[in-house]
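Working notes, beginning with the structure itself.
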Amino acid sequence: MKTRLLSSAVASILLAPLGAFAQDTSSSTPVELDELVVVGERAQSPLAALPMSVLRGDELARRRQGGLGETLAGLPGVHLDSFGGGASRPVIRGQTLPRIEILSDGATLFDAASVSPDHAITTDPLLLDAIEVIRGPAAVIYGGNAMNGAVNLIDSRIPKEIPRNGLSGGAEVRLGSGNREKAGVGRVTAGSGQFAVHAEVARHHSDDYDIPGGQLQDSFADGSTGSLGASWITDRGYIGIAHTRQESEYGLPGHSHTNGVCHTHGIDLHCEAHDSYEDPFGSSDEHTARIQLRNARTDVRADYTDPFPGFRHLRLRLSSTDYRHDEIDGPALFSRYTNDVEDGRIDLTHKPLWGFTGTFGVQYTDGTFSGLNVNNLHVEFPANGYALVPPYTHVTRSRGVFLSEHRAFGAFALDIALRKDWRTINAPAPGFRHSLTPAYQALFEGWYGPDWEQVLRDEVTSTYTARNPEARQNPFSASVGGTWNLDDGYAIALSLGRTQRAPSVRELYAYGNNLATNSYEVGLVRSRGASPTFPANRPDLLETTRSADLTFRRAGGPVEFEVGLFHQDVDDYVFARLIETEFETGVPHNYLLYTAADAKFTGVDGQVSVRLNDDHRLTLLGDYVRADLRSEDDNLPRIPPGRWGVRHEWSSGPYTLDAEYFRTSSQNRIASYETKTGGYDMLNATFAYRLELTARHSAEFYIRATNLLNETAYVHTSFVKEQSPMRGRSMVVGARYTF
C-alpha cells in the first residue's frame with residue numbers, strides 16, 4: 001500500500017474524543033492515554049465556532065436506515081438526496097456531495113457517491129457507533145470539498161482499548177414492515193495484554209418499499225459488510241489495522257435507457273438514431289436496472305501521546321481503497337465505475353507555545369477513477385473499426401498542508417486555521433484497439449506505411465489528449481473564529497472563512513449521457529469541444545467562497561439551544577446550466593453544461609430544547625436556506641425548502657418514548673428545468689424498553705414507526721423526485737444485546 005501523509009487539523013483534537021464514544025464504556029476499561037480522553041479539547045478545535053450534531057448510542061440505533069442520507073435526515077440543517085432504497089446522500093445547508101465531505105474516523109471515504117446520485121455511500125449505518133455532522137465551512141480542516149460541512153463516521157473496526165475482562169461485543173436484529181426488511185449485525189472485541197482484535201459483520205435485505213397506493217418498483221436493496229481488525233495498545237497510544245469488505249446490490253427507480261441514443265450537434269440535443277449515432281441498447285425499457293457494488297478498504301490508524309519533545313500528540317490515518325460497481329440494465333452490463341485510492345494523513349499537535357496550542361498536518365492522495373461517460377460496455381466492438389476503448393481513467397494526485405492554532409483569552413477563545421492544497425487530474429489515453437480486416441490493413445499500410453497501426457494509435461490518442469487536458473488547481477483556504485463563553489452556559493461563536501474548492505471529475509470531464517439523471521452533460525474542460533458558442537474551457541477554475549457563521553448556544557439547565565445563522569458569497573459557483581430539454585423519446589432529457597456563476601446562500605438552522613421535568617423534554621427545530629444566482633437569470637436546482645418540527649421525548653425507568661413531527665414546506669424557487677415540489681407532513685414515533693441483565697450485559701427492544709400519516713412525499717433535493725418518492729407508512733422492530 002502506498003503511504004500518503006494525510007492530516008486533519010481536527011483529527012487529534014476533535015475526532016479523538018469521538019473515538020471514546022465508539023466503544024461501549026460500560027464494558028471496557030480505557031487505557032490511560034492523555035490525548036485520547038481530552039474531551040475538553042473540543043473547544044480548542046477550529047471547528048468550535050461551527051454548529052455540529054452527534055448521533056450515537058440508542059438514538060443512532062433507532063434512526064438507522066439503509067443509507068446514510070436517510071439516517072441523518074431530520075437533523076437541523078440536514079436534508080436528504082434519495083435514489084430509492086439503496087442510495088441516499090445527506091444534504092447540508094442546501095448542498096450535498098461534492099460540497100460536503102464524508103469521513104471515516106477522520107479519513108476520507110472514497111467511493112463514487114460524489115459523481116452521481118445513484119451511487120451509494122460505502123458505509124453500513126448498522127456498524128457505526130456515532131455520526132458527527134458539522135454544518136458550515138469545515139474546508140480549512142478537511143479540504144475544499146467540505147465547504148458546506150462534513151460527516152464523520154465513527155466505528156470500532158480498529159480497537160483503541162482493551163475490553164474489560166478481555167471481551168466485549170454485541171448483536172442486533174431488525175425486521176421492517178414497509179419493505180420487508182431483514183437485518184442483523186454482530187461484533188466482538190477480544191484483548192489480552194497489549195493486543196486486541198475486533199470482528200464484525202452486518203447483513204441486510206429489503207424488498208421494494210411501500211409508498212401510498214402501492215410499492216416503488218426497483219427500490220430494493222441487499223448488502224453485507226464484514227471487517228477484521230487488530231491493534232497493539234500501550235499506555236501511550238495504539239496502532240492498528242483493519243480490512244473491510246462490502247458488497248451490495250440495489251435497484252434504480254425510474255431508470256430509463258431510452259435516452260442512451262441521445263447525442264449533440266453543437267447546441268442541439270438530438271435523441272434519435274441516425275448514421276453513426278446508434279441506440280446502444282436497442283431493447284425494451286422494461287428491464288430492472290440495478291447496481292452491484294464491491295468495496296474493499298484497508299485502514300491503518302494510530303494515536304500516540306508525547307511522540308517528540310514539544311509535541312503532545314501524533315495521529316496517523318492511512319487507507320487503501322479498491323472500489324468497483326457495475327451498472328446493469330436487464331441482461332446488459334452497460335457501465336462500470338472503479339476508484340482505486342491510496343490516502344494518508346498525519347498530524348502533530350504541539351504543546352503550548354506563546355499561549356497557543358495547535359496542530360500541523362500534511363496530506364497526500366493518489367487515486368485512479370474510471371467509469372465516466374461510458375454507457376455502452378455491452379456493445380460489441382464494430383467490425384472494421386479502430387478506437388481507444390474503456391476504461392477511461394482519471395488520475396488524481398493531491399498534496400495538502402495545514403495549520404490550526406487556538407488561544408484562550410479568559411472567556412474569549414480565538415481559533416485560526418490555514419490550508420493549502422496542490423491538485424492535478426490527468427486523463428491518460430486508454431488502450432487502442434482495431435478490428436480491421438486484412439484488406440483494410442493493406443489499405444492503411446498503403447497510406448501510412450508499415451507503421452500504419454502506430455499512426456492510427458497516435459492520431460486518436462492526440463485527439464483524446466486534446467479533448468481531455470490536465471486540470472491543475474492549487475486552492476487556499478483560511479478561517480478565523482471566536483467564541484465568547486458567557487455565564488450560565490451561554491456562548492456566542494462567530495466564524496469567518498475564505499474557502500476554495502476545485503471542481504470534481506464529473507464537473508470537469510463530463511461529456512455524454514447520465515442515464516440516472518436523464519441528462520446529457522458537458523464539463524468545464526469540454527465545453528468548446530461541444531460548441532464554439534459555449535464558454536471557453538476552464539481546467540484551472542476554482543470555486544471561492546466567503547462565509548460567515550454566527551452561532552448562539554446554551555448548554556446545561558432546563559433550556560438548551562443551538563441556533564446558527566450563515567451567509568455565503570460564492571465566486572465561480574459551478575452548476576449545470578440548462579441548454580435544452582429534448583422530449584423526442586417520450587422521456588425528457590436535459591442538455592446540461594457545467595459552467596460557473598456568482599451565487600449566494602443565506603440561512604438559519606438549529607434547535608431549542610426545554611426540559612419540562614425529569615421525564616419529559618420538548619424540542620423545537622428547523623432550518624431554511626435561500627440560494628440566489630447573482631449573475632444568471634435562473635435559480636439553483638435542488639435547493640431544499642424550509643422545514644420546522646417538534647419532538648417530544650419521555651423516559652421513565654427502562655421505558656422511553658419519543659414522537660416527532662416535521663412540516664416541510666413547498667419549494668417554488670426552482671431552476672429552469674425543475675418543477676415545483678409540494679410540501680408534506682411527517683410523523684414518526686419510537687418506543688423502547690431497556691433491560692439491564694447484569695452489570696455488563698444489557699438488552700434493548702424497540703419499535704420505530706415512520707410516516708405514520710402515510711403521506712405521499714416528494715423530496716425536492718432528489719434528481720428523481722417523481723420516480724422515487726419517500727417511503728410510506730412503515731414500522732421497524734429491533735432487539736439489541738451488548739456485553
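We count residues from 1, following the sequence as given.
Annotation: cation-pi geometry satisfied between R433 and F381 (NZ/CZ under 6.0 angstrom from ring centroid, within 45° of ring axis). For the pair R638 and F719, the cation-pi test (distance below 6.0 Å, angle within 45°) is passed.
Of the N and O atoms on the side chains of T288 and D218, at least one donor lies less than 3.5 Å from an acceptor on the other residue. In this model, a donor atom of one side chain and an acceptor atom of the other lie less than 3.5 Å apart for E722 and T675. With 3.5 Å as the limit, one finds no donor-acceptor pair spanning the side chains of S114 and S504. Checked by atom type, the side-chain pair H205/D207 shows a donor-acceptor distance below 3.5 Å. With hydrogens and angles left out, the side-chain atoms of N590 and T581 include a donor and acceptor closer than 3.5 Å. For the residue pair T585/N259, the side-chain donor-acceptor check at 3.5 Å is satisfied. Side-chain contact of D81 with T96: a donor-acceptor pair under 3.5 Å is absent, judged by distance alone. A donor-acceptor pair shorter than 3.5 Å cannot be found between the side chains of S319 and D299.
Scanning for ring-ring contact (aromatic ring centres under 6.0 Å, His included) contacts around Y337 gives H119, H325, F369, with sequence neighbours left out. E521 meets the salt bridge (charged side-chain N to carboxylate O under 4.0 Å, His left out) test with R506; sequence neighbours excluded. Contacts of D118 classified as salt bridge (charged side-chain N to carboxylate O under 4.0 Å, His left out), with partners at least two apart in sequence or in another chain: none. Looking at residues two or more places apart in sequence or on another chain, you find a salt bridge (charged side-chain N to carboxylate O under 4.0 Å, His left out) between E543 and R99, R501. Partners of Y250 under the ring-ring contact (aromatic ring centres under 6.0 Å, His included) rule, at least two apart in sequence or in another chain, do not exist in this structure. Taking R423 as the reference, nothing meets the salt bridge (charged side-chain N to carboxylate O under 4.0 Å, His left out) condition, with sequence neighbours excluded.
Aromatic pair H265/H274: ring centres closer than 6.0 Å. Note: Y520 and H263 fail the aromatic proximity criterion, with ring centroids not under 6.0 Å apart.
Counted within 6.0 Å of CG on L333, heavy atoms from surrounding residues, nucleotides or ligands total more than 12; the atom is thus considered enclosed. In R180, the CZ atom is crowded: over 12 heavy atoms of neighbouring residues, nucleotides or ligands sit closer than 6.0 Å. Around the CD atom of E286, the shell of radius 6.0 Å holds no more than 12 heavy atoms that belong to other residues, nucleotides or ligands. In the displayed structure, Q217 atom CD is contacted under 6.0 Å by at most 12 heavy atoms of other residues, nucleotides or ligands. No more than 12 heavy atoms of other residues, nucleotides or ligands sit less than 6.0 Å from atom OH of Y440.
Residues S724 and L216 are in side-chain contact: their nearest non-hydrogen atoms beyond the backbone lie under 4.5 Å apart. Using a 4.5 Å heavy-atom threshold, the side chains of D572 and R538 count as touching.
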